[in-house]
Amino acid sequence: MLDLRLIREQPDAVERALADKGGAALIREIVARDGERRRLLTEVEELKALRNRASEAIGQAKRRGEDATAEQARMREVGERIATLDGEVKAVDEAIQALLVQVPNVPHPSVPPGKSDEENVEVRRWGTPRAFGFAPKPHEELGEALGLLDLARAVKIAKARFAVLWGPGARLERALAQFMLDLHTREHGYTELWVPHLVNAETMLKTGQLPKFEEQLFKTVEADESRTLYLIPTAEVSLSALHGGEVLPERTLPRRYTAFTPCYRREAGTYGKDMKGIYRQHQFDKVELVKITTPEQSYEELESMVANAEEVLRRLELPYRVVERCTGDVGFSAAKGYDIEVWRPAAGKYTEISSCSNYADFGGRRVDVRYKPERGKAEHCHTLNGSGLAVGRSLIAVLENYQEADGSVTIPRALRPYMDGLARLTRPPTP
RNA sequence: GGAGAGGUGGCCGAGUCGGCCGAAGGCAGCCGCCUGCUAAGCGGUUACAGGGGCAAAACCUCUGUCCCGGGUUCGAAUCCCGGCCUCUCCGCCA
């Protein structure tokens, strides 16, 4: 969430910045509520000061053996007034909080203006889409023909939007994940973490998943509802909540974390969309990247994070492009963000395979992660996250870009060490 | 699942017939002095958040915070109720 002080001191600037993103309408009300809160605080705190002084005096009088019943009665009334005002302060606090969590992050000045994803800006392209001497097939056809992908049985044991991978298909999924983790930990300076896949409601609140995206989350059913656990929709949830409430020494920043986890999403409201293949699934694997930085570091760390994700595609020799999101399309929590889109020959277009964002202090404030400079007061960290990459979508890209005329698929060179040297996936012999 | 113990400042740890406790003492850190050498001594100092004063910083002042929430009271770290968490033992278990 945004800093209440920023809204209080520069409401007009915040409103302007949110023009494309939405949420500007909330600013005026927050300012009004904030004024109300401070009036109440002044009043109640003066009464508390009065009560504290009087109680002190009553104590002394009693020790001297004097009667203080009159003063006690007077303070009882003051106490009642305080209780009333405390209740009002609490109510206003909650109202402000409820408004504040609805306000999106302010885009960085460098973000290109625009209303929707149509105005996103292509930043660069890498690689040249291969010229096929035949009509390239979509991954689901290739996968099923090669006996790697079994959607029918996944539907039988679960439901639509689930998949079963067989033999070399399952191995390829694991190879991709391990290749990515090795790259990020060995060459890009990330520390690998293994984290809970089920987290509590507080974690979901602090990472902005609740209440807004409740309908997108799978959750457990508990006799005591307050103990409900939620399946993570991304490892970002676990990784970014990790240091909640902590103050990190500045010299330990930036922190660079990566984790491989499954991700679970209900995909409510996407009926009929991307139903073919495994592009949009209820369960998919992802190697996530998260950084915690100082405010000075965060924008260059965003650039390097994007480069880290790109490097996966370069080593896999998959053509891609990088797109910067415009002010109207940059995520709710993000100050700036890029999407990486990989080439899909069958579809003849680039589709999203990674998204990297700088949440700036917005995320650090929400989960309450701060850092302590050598000199000076603790401040909220900047947090960043990105996919490095979505594994299932990487599998799609490999199958589609590396397919041959006979329906076989070449294994990218970078993955062969993870596939026991296997160079090619071929049609299994007919039984 | 059963039984018991406990949650106090960066750490350890006092504090339970309610007030003089934001909290003794120790450790650690910082500043200074002294001394002199593989370290000690002396003095001072060191929490966080919010409000007000101030253009702002410094600073001053007020409020809150001794796991969380509620209650009793003029007043609660201290009493009462509820919750959360941690630890130990038993049972079960990959």
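Values reported hereafter were calculated over all heavy atoms of this structure, with side chains retained and with hydrogens, waters and symmetry mates removed. So that the names make sense, note that chain A is the first sequence line, chain B the second, and so on, each numbered from 1.
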Considering only B/G52, B/G19, B/C48, which nucleotide approaches the side chain of A/I58 most closely? B/G19

Using atom C1' in both nucleotides, what's the gap between B/G9 and B/A28 to the nearest angstrom? 13 Å

Base-pairing mate for B/G4 - Watson-Crick or G-U, with both contacts under 3.5 Å: B/C87

When rounded to the nearest Å, what value does the distance between P atoms of B/A40 and B/A47 take? 25 Å

Would you say the ring centroid of A/H282 lies under 6.0 angstrom from that of A/F218? yes

Does a salt bridge link A/E379 with A/K372, judged by any charged N lying under 4.0 Å from a carboxylate O? no

Nearest heavy atom decides the nucleotide; on that basis, is A/R370 or A/R76 closer to the 5' end of RNA chain B? A/R370

Can you check the distance between B/U78 and B/C67, where both ends of the measurement are the C1' atom (answer in whole Å)? 16 Å

Given the C1' atoms of B/C89 and B/G71, what is the spacing between them in whole Å? 35 Å

Between B/G22 and B/U61 - P atom distance, rounded Å: 16 Å

With a 3.5 Å cut-off and just heavy-atom distances, do the side chain of A/E45 and the base of B/G64 make a donor-acceptor pair? no

Using the C1' atom on both, measure B/C20 against B/G75 and round to a whole Å. 13 Å

Within the structure shown, what part of the strands sits under 4.0 Å from A/R51 by heavy-atom distance: base, sugar-phosphate, or nothing? sugar-phosphate

Just to be sure I understand the rule, does A/R8 reach a base, reach only the sugar-phosphate, or reach nothing, if contact means heavy atoms closer than 4.0 Å? sugar-phosphate

Between B/U63, B/G75, B/G51, spot the one nearest the side chain of A/S55, thanks. B/G75

Within this structure, what is the NZ-to-P distance between A/K372 and B/G29, rounded to whole angstrom? 16 Å

B/C17 versus B/C33 - spacing of their P atoms, nearest Å: 46 Å

Nearest whole angstrom, please: distance from the C1' of B/G18 to the NZ of A/K62. 11 Å

Under 4.0 angstrom, heavy atoms only, what part of the nucleic acid is A/A54 near: base, sugar-phosphate, or nothing? nothing

Are any side-chain N or O atoms of A/K21 and backbone N or O atoms of A/G331, one a donor and one an acceptor, separated by less than 3.5 Å? yes

Base partner of B/C93, which must satisfy Watson-Crick or wobble distances under 3.5 Å: none

Please report, rounded to the nearest Å, how far the P atom of B/U65 is from the CG atom of A/D93. 15 Å

Separation of B/G50 atom P from A/D86 atom CG, nearest Å, is 18 Å

Hey, are A/R255 and A/T252 close enough side-chain-wise for a donor-acceptor pair under 3.5 Å? yes

Checking N1-N3 plus N6-O4 or O6-N4 for Watson-Crick, or N1-O2 and O6-N3 for wobble, each under 3.5 Å, the partner of B/U65 is B/A47

Nearest-Å distance for atom pair CD/P, residues A/E80 and B/U72: 10 Å

Without decimals, in angstroms, what is the distance between A/L40 CG and B/G52 P? 12 Å

Salt bridge or not between A/R5 and A/D34? Use side-chain N to carboxylate O under 4.0 Å. no

Suppose we define a pair by two distances each less than 3.5 Å, Watson-Crick or G-U wobble; what does B/G19 pair with here? B/C74

Take atom CD of A/Q97 and atom P of B/A49, then tell me their distance rounded to the nearest Å. 16 Å

Using atom CG of A/L50 as one end and atom C1' of B/U61 as the other, report the distance to the nearest whole Å. 16 Å

The residue, A/G59 or A/A49, whose nearest nucleotide of RNA chain B is more 5′ is A/G59

Indicate, with a heavy-atom threshold strictly under 4.0 Å, whether A/R227 touches base, sugar-phosphate, or nothing. sugar-phosphate

So, A/S55 side chain and A/N52 main chain: donor-acceptor pair closer than 3.5 Å or not? no

Pairing partner of B/C42, by Watson-Crick or G-U wobble and under 3.5 Å for both distances, is B/G32

Which value, in whole Å, describes the distance between the P atoms of nucleotides B/C66 and B/G2? 31 Å

Checking all strands, does A/R5 fall into the base, sugar-phosphate, or nothing category for heavy-atom contacts under 4.0 angstrom? sugar-phosphate

Answer yes when A/E311 and A/R315 have at least one side-chain N-carboxylate O distance shorter than 4.0 Å, and no when they do not. yes

